[in-house]
Structures are given as structure tokens and as C-alpha cells.
Amino acid sequence: MRYAETGYNLEIDLSRGNIERVETDSKLTELHLGGLGTNAKILWDRVPPDTEPFSPDNLLIFSTGLLGGTPAPGANRTIVTTYSPQTLFMGYSMMGGFWAPELKYAGYDKVIFRGKSPDLIYLWIHNDKVEIRDASHLRGKGAVETQELIRRELKEPNAQVAAIGLAGENRVYTASIEQGRSSASRLGLGAVMGDKGIKAIAVRGTKDIHLARPAEFYDLCNDVLKYIKFRNENPVPNVMTILQGLGSPQEMLHFDEKWHTENFMWGNARVRKKDYWNKEVEQKWRETQETVRTRLISCYNCPMKCGAIISVPGLSTYMMKCFSKLTYTMAAFSDLDFGFRIAQRATEYGVDGFSTPQVMAFAFELKEAGILMDADFEGCPSDNEGKFFWLLDKIVRREGIGDILADGTYWAAQKIGKGAEAYAHNNIKKHEQLPLKLGMLNPVYFLMYATGEKINITQIEGQFPQSPFMTMEEKKEFVKDWIQVPDEKFKQIVLDWEMRGERSNPYYPTVDMSVDIVDWQEKMHYIDDALGVCSGLSSFPLKPPYHIHNYPRFISSASGIDMDEAGLTQVYKRNRNLIRAINVRRGLRRADEKPPEDHWKKRFPELEEKLLDAYYKFKGWNKDGIPTKETLHELGMDYIGEDLEQRGII
Ligand code: SF4
């Protein structure tokens, strides 16, 4: 009997139209836990490193995590993995919602696609019955609309459907995969789905998941629910509103956008509006949000309600969560009403709400600079909002200049030339980042930005405060119930960290402390992504209900795997090194590990090199960021060391 997981994957060969149910190796679960970990193992084993993202040999994997679908609150993530067309490295993106639990209830841990379908199809998984169905009638349909059409066609109102829109069909690099109340948006995974000819995957499952020690597991789940209630009633004091609670930053709940609008960048991630927020704007934005926000919604088995149903008069409804509320608004120098309207169209097209607005703002900046010409914008309206709607249409249809921009700012700038590269200034590893420009270098964030394999800061940062507290009273207040720390030493760093003086950024936290902090943050994210638990309840908030001390008991009682903190740390290290090795095989080197040049005004090249050196050493990597044979041996992954050696990489 397999516990927590089903022990079966679905293997779909799209070129041949073949469907197989394949039993998995439980040993791999012990080593990697599932989710992101076993996705990475499959990619390493089965996809040669020189495979192009749009090759039929590339795999597209939809995975549940080890705890997905169990009663563990927030264990609902679908981990989608492939080679990214945008970065050319391993791309993985997580979506919440309901899809992954439903897949487990149907009897599968993963769906693995290989090959390409000659025609547009959708996959229908209904417990043991799995069919590849024609989707030609869904071509060009919106990602949200498609989900509803498929449910009606199947007469299965409870089917969970992950779908792409026009952007995915047209292999736009910023294409997302949309699913009910969430999306896998980053790194162009929707483009790979479209390239494989998959319009959607619908799933309905009614089977059980078995737990090794159910009574113990339920007790732990109840503790988490109690903690969530406590934290919701007792927000973390002395930090900004969005960091006080749990979940994703509750953008649909909050109205106060002073911090975002005045500190994040407008337009093409360059312009700061220091005194933007005032009573009048606040009142107007509050009214807008209250008008369009029908109700707050949660993902599967979670009380947090991070998302909302948005219903703009005259437009079809859609789901919004998190920062996409402001990305279009600020990229276009517009207001919130515009943001909600264009996000409706963008969600139907299925595009990433972080990258796409930046691509559009980048294009208009190139036009102003005379690098793109009037002829490139023939037919474009002159009003600000009209311009953005027009360009969004061009991008997702790959028409005219939209065809070049559809590859994201990095690749578009390469094609456009004439100095356009300098305008694609907010990228890491070829991928657009949060539009944030700051003053003084923060050593912890430097490392997270530079070395993160997810290439998205919100999937790396988390439990350590972003900046020092103002007074000793505030510091003491923060550390007094900080049970989540893996080691008491982190409390002392918070107590000693100052806004100014010797113990302030960039030299404090010190190099070694910074490495330690980053390792902790990463550890939690890698564990979440293997377990399928939402980072909003674990690695992302300051004081979450899941942490390194209670996770081992969750894993043991759910799966029967003997697990303690040391063992869990080994699993994290294994997964971290495996993903690093996959990317190293695809060319990742130290030179790629840098934040955007203009992310901080004050930079410290010598310190930054020291930080990278220390981080690599801590990880057991060489000076180029490549895991050494010894490190891989310690983790029981000699096969990686041998492969890297054979290729002349180490
Ligand atoms: S915390 Fe928010 S994003 Fe995470 S599972 Fe719960 S509702 Fe979804």
C-alpha cells in the first residue's frame, strides 16, 4: 500500500496518441518526496540537456506534491515542470486552486506529456478512464471560457480544468496555464503546452488517498488550522500590512496601496511616484475594488481566501490574486479601474501578469526612444489605455511587432537591436522581474535574486524580515514567539540588525549570516514545492503554521516515510542540487547569477563576489556554481557527478 501518494503516473505520448498508467518507484519518493523533486528527477533522467523547449522530446509534467489532496490545509499545489522557452533552463511554476487534489483523487500523482499532438486536443481524466479528445472547436477560446465549455461538454460541473488561451496556442513566451482559481504563469509553461497541442487537461476523481497514521496526521492538521486562526486574529506587529498575516499578500482584501504605488516602479520599471498615494486616490481605488470584487475565494482546503472573483460590468468574470492587481495599472501609468479591465482580457488570453505588462511598457519606451518606429504601431490608438489593449492583442496573436514582443523583453531586444538591450533592464536569466528599484544593496536579497533557480523573488524569499525593525522593543516583540526559526542564531541577527551604522546593509547581516538565511528560505520553498503545500502557509510569510520543526511529522504520519529535520534537510539538498545540475548541464554558470544591474542604486562589486563565493562554498559547489563530485556523493547522487564529469563540466 502506498500512503499519501497514489504510486501511479499517467504517461501521455501525444505523437502516438498513447496513454499509459505507470507504477512509480517508492524509493524515489523517499529521496525526493514527490512534486518538484521527482519532476526534476524525471527531467534529468529522460530529457537530454540539449533538448529545445519546443522539441517533441521535451516533457511537460503536471504534478501533485506528496501531501497534495490530503487533509493538510493548503496542500493543493500543482507543480508544472518543463524546459522554459524564456530562460532555456528548467522552468517550474506552481498553481493553487483545485486541480492537483482532483488528480490524486483520480488515482495519479503526475501527468507526463511527451511528443506533440498533430491537432489541438484536450485530455479528459475521469478516474481510470483517460481519453485524448479533439479540441479543434476550442481553438482561440479564452482560458477561462475553455474551462467552462469543457465542463459543459463533459457534463461534469465538478471537473477541474487547466487550460491555455490564445497566447499559449501561439507559443507566446509569457503564456500562462489558467485553472479555476489560480494559474501557473511564470517561465512560459503555457507556450510549451500550446506547442504540444494541448488546449486543456480536465480531471475528475472520486477515489481515496490513504494515510499511514491518520489520527496523528489529523491532529497535526488541526494544529495548523488553530494556528491560522490565531495568526489571523493576531497579525505580526510593526511590519507593513501585506507582511502581517498568512497566505499570498491578500491584495484582494486590502485597499491600502501606498507602499506598492510609491515604492514599486511604474512604466518600464523605472519611474517611482513618491507622493502618489493620497486620500482621493485611496477613495477612488477602494470604490473600484469594492465594485468589481464579487467575493473572496480560497484554493482547495484552505481558509485564507487570497483570491477574488472579479466581475467588471460588461465583461466576463475572472479570478484575480496577488500583485497582478497593480501590474497593468502601473505599467501603463493608469489607474485601478483600467488594471481590472485589461486583466480580464489578459486572463482569457492566458498570459503572465508580471511579465506581460512589462513587455508592453518596454515596447512603448522603445517607441519613445525612436528604436521602434511609428510603422511598427500602425493602427495603434493614441490614448494610453487603448494603446495597451491594442498591443496586448498584437502580442497574443503574434501579429506585426507583437510577434517579436511575444518572446519577452530579453529575446525581443536581441531581435530589435539598435540599443534595445538597455531597455530590457529588469531581467534575471532572461526573465522579467518585479518592478522594484531600491537604494542600498541588501546582501540576503542579492543572493536570492542572483542564485534562485525559480528566477522569481517571491518564490525564494520568506520567513526572514525584509528590513530591520526600528527599535529594540520591536525586535524583541518579533523574536519572542518566533518558533519557526531553524536555529536560535537567527533571532540574534534580527536583534542586532540596524537601519544605520556598522550593523546595517550591505555589510550586515554578514556574508556568512546572509548565506545561512538564504539557505533557510530556500529550504522551506523546496520542501513546499515537493510536498505541494502553498508557500503562503509555509515559506512565504514571516510566521507561518508549517515550518521545519513540524514538517517531518506531517511527512511521516502521512506517508509512513521515517523523517526528521536532518533527513528533510538532506531531501532539500538533494532537490536543490539536482535542479542546479539540470541547469548546469544546460549552460548555467556564475556569470548568469546576477540581479538586474539597476536593482539597487548602491552596489558593492567586491562584497557581491564574496557573497557568491561564500554561498557556493556553503552549498558544496565550485567557484562557478557547479556542485562538486564530493557534494553529490554525500547526497547519494554519484550518477550526476559522473554525468557532469563525462561532459567535461567538472
Ligand atoms: S494561502 Fe491563499 S494562495 Fe495559498 S492555498 Fe490558501 S487561499 Fe490559496
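As the structure lists them, so they are numbered: ligands from 1, and atoms in each ligand from 1.
- Atom 7 (S) of ligand 1 has its closest protein heavy atom at Cys299 N, 3.5 Å.
- Taking the six-membered ring for Trp and the full ring otherwise, the centers of Trp99 and Phe62 sit less than 6.0 Å from each other.
- The closest approach between a heavy atom of Arg77 and any atom of ligand 1 is below 4.0 Å.
- Neither the backbone nor the side chain of Leu246 has a heavy atom within less than 4.0 Å of ligand 1.
- Under the 30°/60° scheme for interplanar angles, the aromatic rings of Phe464 and Trp482 are found to be tilted.
- Of all protein heavy atoms, the one lying nearest to atom 2 (Fe) of ligand 1 is Cys306 SG, 2.2 Å.
- Near Cys534, with a cut-off below 4.0 Å to any heavy atom, the atoms of ligand 1 are 1 (S), 3 (S), 4 (Fe), 5 (S).
- Aromatic ring centroids of Tyr328 and Phe338 lie 6.0 Å or more apart.
- In summary, the atoms of ligand 1 found under 4.0 Å from a heavy atom of Gly247, numbered by their order in the structure, are 1 (S).
- The pair Glu348-Arg345 does not count as a salt bridge, with every side-chain nitrogen at least 4.0 angstrom from each carboxylate oxygen.
- Between atom 6 (Fe) of ligand 1 and Cys302 there is an N/O/S contact shorter than 2.8 Å.
- Between the side chain of Lys321 and the backbone N or O of Ser183, no donor-acceptor pair lies under 3.5 Å.
- Rounded to the nearest 0.5 Å, atoms NE2 (His32) and CZ (Arg574) are 6.5 Å apart.
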